[in-house]
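Since we're looking at a predicted model, the values are computed, not measured. In what follows, chains carry the letters A, B, and so on, assigned in the order in which the sequence lines appear, proteins first and then strands, with residues in each chain numbered from 1.
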Amino acid sequence: MTTLALYNTLTRTKEAFAPIDANNVRMYVCGPTVYDFAHIGNARPVIVFDLLFRLLRHTYGVDHVTYVRNITDVDDKINARALRDFPDLPLNEAIRRVTEKTEKQFLSDASALGSLEPTIQPRATDNIEQMQTLISDLIAKKHAYNASGEVLFDVKSMPEYGQLSGRNLDDNLAGARIAVEAHKKNPADFVLWKQSSASEPGWDSPWGRGRPGWHIECSAMSERYLGQTFDIHGGGLDLIFPHHENEIAQSRCAHGTHAMANVWMHNGFLQVEGQKMSKSLGNFVTINELLETGAMGGRAWIGDVLRLAMLMTHYREPIDFSVSRLEEAESKLRDWQRAARGAELAEGDDPDASVVKELTDDLNFHRASVALDFIAKKANRDEGNAKHCLASTLRFLGFGLDSLLTSEDGWEAPPHIAAAIADRLAALNSKDFAKADTIRNALAEQGIALMDYKDEAGERQTKWEMKR
RNA sequence: GGCCUCGUGGCGGAGUGGUGACGCAGCGGAUUGCAAAUCCGCGUACUCCGGUUCAAUUCCGGACGAGGCCUCCA
């Protein structure tokens, strides 16, 4: 079996991946908080861990990988958004409107980016009971305490707290930027359960009507669907501290385990045109805007291009998301699709082994793409089964095979184009080059590029392509 | 202030203790009525300063620079 090497944030080294159970490889990735449309930065973990999911499925078998990505639908930002957008509705109804709409959009965005659906996509609000059980366990084991109506995790009760992020509590204190809240035993103690006022969403609990803290949901949902210790936990770099650190503290202390997940993976951040993405700079762009509006470069970009633009850089490195990057990705993808054109795929066709091998080295997509270029070159020379191999590999990587090349109705030219092409061929055959060029230019105006070639019988033929 | 990443040619981006990956763009050639596509070929780099070494872009130290976290932001 192929060996997979993955960089583990916990050890800061690349390690050979050994699943706990090769018959059920388990991965958890922190999903979106559904209060607003996902921005391009949110797209990165979606794409990166989808690639890992695909690789795991290929390595261990499609039915031997469980990928859980949660939907966080309880959060104070959601409450705020609900009040802002639906001030006339009862709060619960307003919240439901916000989360349903946002979740739907997220799933549609993820799909447009070529991502497979995770095996399970649990919602926080469907797991409140599990969270409460976990909190009760933590209290019983003296890892949590009740103060001023909040249940707090006692970080001092866990000697190894800070292992993932490489910080110790004293360092944090030195920073002294943590607001000191009198009811906490230690400034780093974090909330497991907080009380809700009548105007806030809440659930009844042994500690009063309230709502869960930020971190507990992931501990609860990962345990429910993947067990107390599982293989891989992923998310953005920013989640290392405090989110993942706190997840580990909760899960390990509640279960008395040595690990929550064996491998912790984190994708890097991205900038937009060399600058940090922020609403104030005006370069904050959502996935949906990229797909459907001219938010970047004055035009829309298809999901396949966004996916490739994202994967062009190794997942742990920072990315400068720019128009020129998108253009390069588009051009590269077009090359591949052109080279793979006409291949007919069957259900079980495997991706190229050399491409897969590159990916097994901590998802080195860029090297995989070099291997892909090599195959594309062979496909253009019509060598062996290169064309077919390229197509199946592109499919494996989550790319469409013709998204840049065809019009909506496939390679069959619409009647007016077919007619124009026929007219032009007739003109060419009577050496009327001026007329031929007029037709070519007219079609070019419509974004259609013509390419002449000779068929096997030596007859002149014309192919066409949509230029976006 | 503490902690964590990173710094390769016009751009993207791997990798390595010792003959300058690869892609895009650019240039030349083949091909073409002209093109496009395709094929063949070409150029330019390892932030700076020390150290280790026969030899460093690659290891170590420092400087400078960029980004992130430490107030629920992927």
K.L.:
Please answer whether B:A37 and A:Y453 are stacked, defined here as ring centres separated by less than 5.5 Å and planes angled under 30°.
P.N.:
no
K.L.:
Strictly below 4.0 Å, heavy-atom distances to any atom of RNA chain B: list the hits from residues 107-120 of chain A, or just say none.
P.N.:
none
K.L.:
Hey, what do you get for OG1 (A:T462) to CG (A:L425), rounding to the nearest 0.5 Å?
P.N.:
4.0 Å
K.L.:
Take A:C30 and A:D373, find for each the nucleotide of RNA chain B with the closest heavy atom, and name the residue whose nucleotide sits nearer the 5' end.
P.N.:
A:D373
K.L.:
Hey, can you pull the donor-acceptor pairs under 3.5 Å for the side chains in residues 372-382 of chain A, sequence neighbours left out?
P.N.:
residue	atom	partner	partner atom	Å
A:D373	OD1	A:K332	NZ	2.9
A:D373	OD1	A:W336	NE1	3.0
A:D373	OD2	A:K332	NZ	3.4
A:N380	ND2	A:A376	O	3.4
A:R381	NH1	A:E383	OE2	2.7

K.L.:
How do A:H39 and A:L428 order along RNA chain B: which one's closest nucleotide is nearer the 5' end?
P.N.:
A:L428
K.L.:
For A:T72, which contact category applies under a 4.0 Å heavy-atom criterion: base, sugar-phosphate, or nothing?
P.N.:
nothing
K.L.:
Look at A:R341 and B:A37 and indicate whether a side-chain polar atom (N or O) is within less than 4.0 Å of OP1 or OP2.
P.N.:
no
K.L.:
So which nucleotide from B:C34, B:A74, B:G67 ends up closest to the side chain of A:D452?
P.N.:
B:C34
K.L.:
So, using side-chain contact (heavy atoms from CB on, under 4.5 Å) as the criterion, who are the partners of A:A220 when residues are at least two apart?
P.N.:
A:Q130, A:M131, A:L134
K.L.:
From B:C24, B:G67, B:A74, pick the nucleotide closest to the side chain of A:D335?
P.N.:
B:C24
K.L.:
Applying side-chain contact (heavy atoms from CB on, under 4.5 Å), can you list everything that pairs with A:D423, at least two apart in sequence or on another chain?
P.N.:
A:I439
K.L.:
Along nucleotides 11-16 of chain B, 5' to 3', which nucleotides get a B, which get an S, and which get a -, given that the test is a protein heavy-atom distance under 4.0 Å?
P.N.:
-BSSS-
K.L.:
Does A:T11 have any side-chain contact (heavy atoms from CB on, under 4.5 Å) partners at least two apart in sequence or in another chain, and if so, which?
P.N.:
A:N8, A:T13, A:E15
K.L.:
Using a 4.0 Å cut-off on heavy atoms, which residues in residues 211-223 of chain A reach RNA chain B? List them by number, or say none.
P.N.:
A:W214
K.L.:
Any salt bridge (charged side-chain N to carboxylate O under 4.0 Å, His left out) pairs touching residues 29-54 of chain A, not counting sequence neighbours?
P.N.:
A:D36-A:R81, A:D36-A:K279, A:D50-A:R54, A:D50-A:R307
K.L.:
Counting Watson-Crick and G-U wobble pairs with both distances under 3.5 Å, what is the dot-bracket string for RNA chain B, 5' to 3', using [ ] for crossing pairs and | for pairs to another strand?
P.N.:
(((((((..(((.....[...))).(((((.......)))))....(((((..]....))))))))))))....
K.L.:
Got a sec, which residues hit side chain to side chain donor-acceptor pair (under 3.5 Å) with A:S369, two or more places apart in sequence or on another chain?
P.N.:
none
K.L.:
All N/O contacts under 3.5 Å from nucleotides 39-42 of chain B to the protein, with atom names and distances to one decimal?
P.N.:
residue	atom	partner	partner atom	Å
B:C40	OP1	A:R381	NH2	2.9

K.L.:
Which nucleotide sits closest to the side chain of A:D238: B:C69, B:C24, B:C34?
P.N.:
B:C69
K.L.:
Rounding to the closest angstrom, what is the interatomic distance between B:A14 and B:G9 at atom P?
P.N.:
13 Å
K.L.:
So which nucleotide from B:G33, B:C70, B:A36 ends up closest to the side chain of A:F241?
P.N.:
B:C70
K.L.:
How far does the C1' atom of B:C22 sit from the matching atom of B:U16, given to the nearest Å?
P.N.:
15 Å
K.L.:
Test of understanding: with side-chain contact (heavy atoms from CB on, under 4.5 Å), list the residues that count as partners of A:A422, not counting sequence neighbours.
P.N.:
none
